[in-house]
Amino acid sequence: QVQLVESGGGLVQAGGSLRLSCAASGRTVSSLSMGWFRQAPGKEREFVAAIRWSGATYYADSVKGRFTISRDNAKNTVYLQMNSLKPEDTGVYYCAATVRSYSRVGTEYDYWGQGTQVTVSS
């Protein structure tokens with residue numbers, strides 16, 4: 001069983017930055033593919049970024065060049081560095097893990113965190 005705990009959300013002005021953390025337990029993040037998803041009010045959950053067990057990274061077009069996913073194996077933690085934030089980045093951000101190869105589809109992830117709220121004001 002894998003447990004995921006997100007932190008780092010908050011309120012930030014447009015153009016600002018936040019770093020989200022996802023602390024994992026039960027299995028090493030280097031043996032999993034990890035993803036970040038977000039859900040805005042009234043919208044479906046959407047893929048944001050993922051990092052494969054190999055270290056390869058993937059991004060949604062809407063965040064490419066602004067967000068960076070990374071991991072610290074020693075801390076068993078995955079991060080999402082978010083720069084140049086826009087109001088449309090507002091939502092609940094979820095960390096997820098899968099034992100499969102990376103995916104942009106949320107249903108293919110086996111474990112989920114509780115989510116952390118990110119609000120970007122204009």
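One is the number of the first residue; the rest follow in order along the sequence. Any value given below was found using the heavy atoms of this structure, including those in side chains, with hydrogens, waters and symmetry copies removed.
A side-chain donor-acceptor contact under 3.5 Å links D72 to the backbone of K75. The backbone N or O of S84 lies less than 3.5 Å from a partner atom in the side chain of R66, making a donor-acceptor pair. At distances below 3.5 Å, not a single donor-acceptor pair connects side-chain atoms of T116 with backbone N or O atoms of S7. Side-chain atoms of T68 never come within 3.5 Å of backbone atoms of Q81 as a donor-acceptor pair (strictly under, hydrogens ignored). Side chain of Y59 to main chain of I69: a donor-acceptor pair is present (N/O by atom type, distance under 3.5 Å, no hydrogens or angles). One N or O on the side chain of E6 and one on the backbone of C95 form a donor-acceptor pair closer than 3.5 Å. Not a single donor-acceptor pair under 3.5 Å links the side chain of N83 to the backbone N or O of S17.
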Could you walk me through whether K64 and D61 satisfy the salt bridge (charged side-chain N to carboxylate O under 4.0 Å, His left out) test, starting with their C-alpha distance in whole Å, then the side-chain angles of each, then the deciding distance to 0.1 Å, before giving a yes or no?
CA-CA 5 Å; K64 200 171 295 183; D61 288 343; 3.3 Å; yes

Would you check, one step at a time, whether the test side chain to side chain donor-acceptor pair (under 3.5 Å) holds for D110 with T98?
CA-CA 5 Å; D110 306 297; T98 179; 3.3 Å; yes

What's the verdict on side chain to side chain donor-acceptor pair (under 3.5 Å) for Q3 and S25, showing C-alpha distance, side-chain angles and the deciding distance?
CA-CA 5 Å; Q3 289 80 42; S25 59; 3.2 Å; yes

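Under the side-chain contact (heavy atoms from CB on, under 4.5 Å) rule, R38 has a single partner from T90, D89, V92, V118, which is D89.
Judged purely by distance below 3.5 Å, without hydrogens or angles, the side chains of E108 and S103 pair a donor atom with an acceptor atom. Between the side chains of S30 and R71, no donor N or O sits under 3.5 Å from an acceptor N or O. A donor-acceptor contact closer than 3.5 angstrom links the side chains of R104 and Y102.
The distance between the ring centers of Y94 and F37 does not fall below 6.0 angstrom.
Cation-pi contact between R19 and W36: absent, since separation from the ring centre below 6.0 Å together with deviation from the ring axis within 45° is not met.
Across all their heavy atoms, S33 and Y109 have their closest contact at O-CE2, 4.0 Å. The two atoms that bring S122 and A14 nearest to each other are CA-CB, 4.4 Å, heavy atoms only. Shown here for Q39 and K43, the closest heavy-atom pair between the two residues is NE2-O, 3.1 Å. Taking each heavy atom of A97 and M34 in turn, the nearest pair found is CB-SD, 3.5 Å.
Linking ILVMFWY side-chain heavy atoms closer than 4.5 Å, directly or via other members, places L20 and L32 in a single hydrophobic cluster. Placement of V99 and V29 within a single hydrophobic cluster is found when ILVMFWY residues are connected by side-chain heavy-atom separations under 4.5 Å, directly or transitively. By the criterion of side-chain heavy atoms lying less than 4.5 angstrom apart, applied directly or through intervening Ile, Leu, Val, Met, Phe, Trp or Tyr residues, I51 is grouped together with V63 in one hydrophobic cluster. Note on L80 and Y58: separate hydrophobic clusters, where clusters join Ile, Leu, Val, Met, Phe, Trp and Tyr whose side-chain heavy atoms are under 4.5 Å apart, directly or indirectly. Note on Y79 and L4: separate hydrophobic clusters, where clusters join Ile, Leu, Val, Met, Phe, Trp and Tyr whose side-chain heavy atoms are under 4.5 Å apart, directly or indirectly.
Under a cut-off of 6.0 angstrom, the local environment of CH2 in W112 is crowded, with over 12 non-hydrogen atoms contributed by other residues, nucleotides or ligands.
Using a 4.5 Å heavy-atom threshold, the side chains of R27 and Y111 count as separate.
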